[in-house]
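Structure record follows, encoded as structure tokens.
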Amino acid sequence: MKLAINLLAVVILGVSASATAQHAFNDADKAVEYRQKALSIMQNNFALMGDMVKGDIAFDSVIFNERANDFAALASIPWIGFSQEGAMPGNNTDALPAIWDNWDDFVERADQLQKDAQALQQAAASGDESAIRGAFLTAAKNCKGCHDQYKD
């Protein structure tokens, strides 16, 4: 009997851990905070690359490559924070309700940003400044388009 109770407890803990892993947020405010922090770190990496592309600071291929790698790694992170119940748009956020009114478009843009980030990462690895500039501008255009439509 004790073995059956212990086995049942293990199964219950396993199921609850699995459910928790599928949904990392315990409330909508945490989801908003998560997506904002992820997007903020992405923006920090992107801004430094932009300063290099614009010539505001000296181009350093090693640093650019590091930032492009970080940007690509982060590009898939924030989007789950937009789907948490109650985080639509949520408190203390610049996200517009248009995101959820045009969810398919928003998801397509998020997917495209991930592809753009990978292309930027590949261009950065090549060291070809012309390819880097083109990949950066493509990603920047996607970022701006999404911000124009979905951010206050």
Side-chain angles (χ1 to χ4, degrees), residues 13-152:
L13 285 173
V15 170
S16 67
S18 174
T20 301
Q22 291 174 4
H23 219 283
F25 312 108
N26 53 8
D27 65 39
D29 289 337
K30 292 292 183 190
V32 171
E33 179 183 14
Y34 175 88
R35 72 185 189 219
Q36 287 174 335
K37 286 181 177 181
L39 290 165
S40 177
I41 296 169
M42 289 174 64
Q43 189 277 332
N44 289 336
N45 283 283
F46 203 72
L48 181 75
M49 290 186 289
D51 289 344
M52 288 186 194
V53 167
K54 292 184 286 186
D56 292 344
I57 61 173
F59 184 83
D60 182 319
S61 63
V62 172
I63 293 173
F64 194 98
N65 194 46
E66 289 171 356
R67 295 299 178 111
N69 288 337
D70 290 346
F71 185 75
L74 290 163
S76 65
I77 301 294
W79 315 116
I80 189 69
F82 287 91
S83 62
Q84 168 73 31
E85 187 67 34
M88 305 169 187
N91 298 322
N92 302 315
T93 177
D94 292 333
L96 295 173
I99 291 171
W100 297 276
D101 294 341
N102 302 294
W103 184 252
D104 290 341
D105 179 64
F106 182 75
V107 169
E108 285 178 28
R109 289 173 185 263
D111 289 344
Q112 185 59 51
L113 180 63
Q114 292 170 64
K115 292 174 187 168
D116 293 346
Q118 290 171 352
L120 180 59
Q121 181 182 33
Q122 291 170 351
S126 78
D128 178 347
E129 287 188 47
S130 177
I132 290 169
R133 180 175 175 73
F136 179 87
L137 292 175
T138 297
K141 182 178 177 184
N142 187 359
C143 289
K144 182 178 179 344
C146 197
H147 286 196
D148 287 350
Q149 187 164 349
Y150 297 122
K151 185 178 178 191
D152 190 12

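- A 6.0 Å sphere centred on CG of Asn92 holds no more than 12 heavy atoms belonging to other residues, nucleotides or ligands.
- Side-chain contact between Lys141 and Leu137 is absent, with no heavy atoms from C-beta onward closer than 4.5 Å.
- Checking Ser76, Pro78, Cys143 one by one against Leu113, the side chain to side chain contact (heavy atoms under 4.5 Å, CB included) holds for a single residue, Cys143.
- Residues Gln149 and Asn102 form a side-chain contact, since some pair of their non-hydrogen atoms from C-beta on lies under 4.5 Å apart.
- A donor-acceptor pair under 3.5 Å is formed between the side chain of Ser126 and the backbone N or O of Ala123.
- For the atom pair Gln121 CD and Asp116 CG, the distance stands at 12.5 Å (nearest 0.5 Å).
- In this structure, NZ in Lys30 is found 12.0 Å from CD in Gln84, a value given to the nearest 0.5 Å.
- Remark: the backbone N or O of Ala110 is paired with a side-chain donor or acceptor of Gln114 at under 3.5 angstrom.
- When side chains are defined from C-beta on, Tyr150 does not count as touching Asp101, because their heavy atoms never get closer than 4.5 Å.
- Residues Asn44 and Asp70 form no side-chain contact, since every pair of their non-hydrogen atoms from C-beta on lies 4.5 Å or further apart.
- The shortest distance between side-chain heavy atoms of Trp100 and Phe82 falls below 4.5 Å.
- Not a single donor-acceptor pair under 3.5 Å links the side chain of Asn65 to the backbone N or O of Ser61.
- Between Lys115 and Asp111 there is no salt bridge, since none of the side-chain N atoms of the basic residue sits less than 4.0 Å from a carboxylate O of the acidic one.
- The distance from atom CE of Met42 to atom CZ of Phe71, rounded to the nearest 0.5 Å, is 4.0 Å.
- Side-chain contact between Val53 and Phe64 is present, with at least one heavy-atom pair separated by less than 4.5 Å.
- In terms of heavy atoms, Ala87 sits closest to Val32 at CB-CG2, 3.8 Å.
- Heavy atoms only, all atoms of each residue included: Ile77 and Ala38 are closest at CG2-CB, 3.8 Å.
- Counting heavy atoms from C-beta on, the side chains of Thr138 and Asn142 never come closer than 4.5 Å.
- Separating the CZ atom in Phe136 from the NZ atom in Lys54 is a distance of 7.0 Å, to the nearest 0.5 Å.
- Between the OG1 atom of Thr93 and the CD1 atom of Ile99 there is a distance of 7.0 Å, given to the nearest 0.5 Å.
- Here the CG atom belonging to Leu39 is positioned 10.0 Å from the OH atom belonging to Tyr34, to the nearest 0.5 angstrom.
- Salt bridge absent: Arg133 and Glu129 never bring a charged side-chain N and a carboxylate O closer than 4.0 Å.
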